[in-house]
Amino acid sequence: MIVQNDFYINDDPTEVAKNLLGKILYTKIDGIITSGIIVETEAYKGNSDRACHAYQNKKTNRNAVMFEKGGKAYVYLVYGIHYLFNIVTNIKGKADAVLIRALEPVKGENKMLIRNNKNNLRRITSGPGLLSKAMGIDMSLYGESLLGNRVWIEYPSKEFDNNKIVHAKRIGVDYAGADALLPWRFYIKDNIWISKP
DNA sequence: ACACAGATACTCT
DNA sequence: GAGTATCTGTGTC
């Protein structure tokens, strides 16, 4: 079953970030399906969060899609090298998002290895830049609906155990002052696929 | 025009 | 495990 738009229409991105753990992210790029269980996420809140691209609701060409209604993909380039995959949340006009940081590969492992030019399954989806590459995510998915043909999220066949969620501070946001300390990173306890071992 | 980034892959110990 | 080069779009001056 595919996750519908109302799942993303939530005023609290940390709730969406937690709820996304255990769900399965799919992409279909050039006719090839790859998928992985989401094991690590981070929440970003537009108006109040210094670590967010849309801090103080500042709209730019890059972050424009964050101001759309939840349920779209926000992709951007960081360090001139890596594409990071985010999910826009909340109602139109509220620029919140959840960053997907790590996956546990399920389908299309061979394709992921080829895309990342690796021959070992470990650590090909354990980090936001790596997983984008493994899943074939790039700027062409910017603004794409998560109900579309190329990227979507499904519920797992068996229920996910909420007791296994760990809260931690976000990564790479030291510039955000006090907001850098917010426990808005969430991951599945003891999962080997998270980005920091 | 210019400084720098929601990270990774190297190269050494 | 720790230190270091990476290399370009975007935002701001």
Side-chain angles (χ1 to χ4, degrees), chain A residues 8 12-18 20-21 25 36 38-68 70 72-90 94-105 112-144 146 151 165-188 192-197:
Chain A
Y8 307 108
D12 184 353
T14 67
E15 238 174 74
V16 181
K18 280 183 279 191
L20 278 170
L21 293 175
L25 174 66
I38 298 169
V39 299
E40 182 176 347
T41 59
E42 282 180 7
Y44 290 87
K45 189 142 185 66
N47 59 341
S48 59
D49 175 11
R50 277 189 65 187
C52 181
H53 285 162
Y55 176 52
Q56 293 181 327
N57 287 321
K58 244 194 271 180
K59 193 169 180 174
T60 64
N61 279 336
R62 179 167 66 154
N63 70 18
V65 74
M66 294 183 75
F67 292 81
E68 296 292 316
K72 290 193 165 76
Y74 172 37
V75 182
Y76 61 87
L77 185 68
V78 69
Y79 295 109
I81 308 169
H82 310 290
Y83 294 110
L84 302 212
F85 178 71
N86 299 253
I87 293 170
V88 177
T89 70
N90 213 337
K94 299 237 188 167
D96 300 347
V98 174
L99 170 69
I100 308 298
R101 289 194 56 86
L103 299 174
E104 175 176 337
M112 295 185 190
L113 291 171
I114 293 166
R115 283 178 179 145
N116 275 7
N117 198 20
K118 293 260 169 70
N119 49 28
N120 183 339
L121 250 192
R122 292 294 305 269
R123 312 197 65 75
I124 59 165
T125 54
S126 300
L130 288 173
L131 77 87
S132 294
K133 207 170 168 192
M135 300 286 284
I137 293 167
D138 63 18
M139 289 308 283
S140 75
L141 287 175
Y142 183 92
E144 190 121 333
L146 296 178
V151 56
I165 297 178
V166 180
H167 300 216
K169 77 182 180 72
R170 293 173 294 179
I171 294 188
V173 293
D174 295 343
Y175 59 87
D179 290 338
L181 302 174
L182 294 169
W184 283 5
R185 178 161 73 102
F186 308 96
Y187 59 88
I188 299 176
I192 63 166
W193 300 97
I194 64 173
S195 64
K196 283 219 163 165

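Residue numbers begin at 1 in each chain, while the letters A, B, ... track the order of the sequences. Values reported hereafter were calculated over all heavy atoms of this structure, with side chains retained and with hydrogens, waters and symmetry mates removed.
A/Arg170 comes within contact range of no nucleotide atom at all, as no heavy-atom separation falls under 4.0 Å. Among the heavy atoms of the strands lying under 4.0 Å from A/Gly80 is at least one base atom, whether or not backbone atoms are also near. In this structure, A/Leu77 reaches the sugar-phosphate backbone alone: every heavy-atom distance under 4.0 Å involves primed, P, OP1 or OP2 atoms, never a base. If you check every strand for non-hydrogen atoms under 4.0 Å, A/Leu99 touches a base.
Every residue meeting the side-chain contact (heavy atoms from CB on, under 4.5 Å) condition with A/Lys133, not counting sequence neighbours, appears here in chain and number order: A/Asn116. Residues meeting the side chain to side chain donor-acceptor pair (under 3.5 Å) test with A/Asp138, sequence neighbours left out: A/Ser140. Qualifying ring pair (Phe, Tyr, Trp, His ring centres under 6.0 Å) partners for A/Phe67, counting only residues two or more places apart in sequence or in other chains: none. With sequence neighbours excluded, the residues that form a ring pair (Phe, Tyr, Trp, His ring centres under 6.0 Å) with A/Phe186 are A/His167. Residues passing the side-chain contact (heavy atoms from CB on, under 4.5 Å) test with A/Leu113 are A/Asn110, A/Lys118, A/Leu121, A/Ile124, sequence neighbours excluded. Take A/Glu68 and apply the side-chain contact (heavy atoms from CB on, under 4.5 Å) test, not counting sequence neighbours, and it matches A/Val65, A/Lys72, A/Lys92.
Atom CZ in A/Phe85 sits 8.5 Å away from atom CG in A/Leu131 (nearest 0.5 Å). Distance OH/A/Tyr74 to CD1/A/Ile87: 14.0 Å, rounded to 0.5 Å. To the nearest 0.5 angstrom, A/Ser126 atom OG is 10.5 Å from A/Arg101 atom CZ. Here CD of A/Glu42 is found 11.0 Å from CG of A/Leu182. Values are rounded to the nearest 0.5 Å.
The side-chain hydrogen bond (donor to acceptor under 3.5 Å, both in side chains) pairs that include a residue from residues 168-186 of chain A are A/Glu40-A/Arg185, A/Asp49-A/Arg170, where partners are two or more places apart or lie in different chains. Within the structure, the side-chain hydrogen bond (donor to acceptor under 3.5 Å, both in side chains) test picks out no pair touching residues 78-88 of chain A (sequence neighbours left out).
For the pair A/Tyr55 OH and B/dA5 C1', the computed distance is 18 Å after rounding to whole Å. A straight line from CD1 of A/Ile81 to P of B/dA5 spans 13 Å, rounded to a whole angstrom. A/Asn117 has its CG atom 14 Å from the C1' atom of B/dT8, to the nearest Å.
Judged by distance alone, with hydrogens and angles left aside, the side-chain atoms of A/Asn47 form no donor-acceptor pair with the main-chain N or O of A/Asn57 at under 3.5 Å.
A distance cut-off of 5.5 Å between ring centres, combined with a plane angle under 30°, leaves A/Tyr79 outside any stacking arrangement with the base of B/dA5.
Contacts with DNA chain B (heavy atom under 4.0 Å) in residues 39-49 of chain A: A/Glu42, A/Tyr44, listed by number.
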Show me the protein contacts with nucleotides 9-13 of chain B, counting only N or O atoms at under 3.5 Å.
| residue | atom | partner | partner atom | Å |
| --- | --- | --- | --- | --- |
| B/dA9 | OP1 | A/Lys118 | NZ | 3.3 |

**Prompt:** In dot-bracket, 5' to 3', how would DNA chain B read with Watson-Crick or G-U wobble pairs under 3.5 Å, [ ] for crossing ones and | for pairs to another strand?
**Reply:** |||||.||||||.
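For DNA chain C, the span of nucleotides reached by chain A at under 4.0 Å from its heavy atoms goes, 5' to 3', from C/dT6 to C/dT12.
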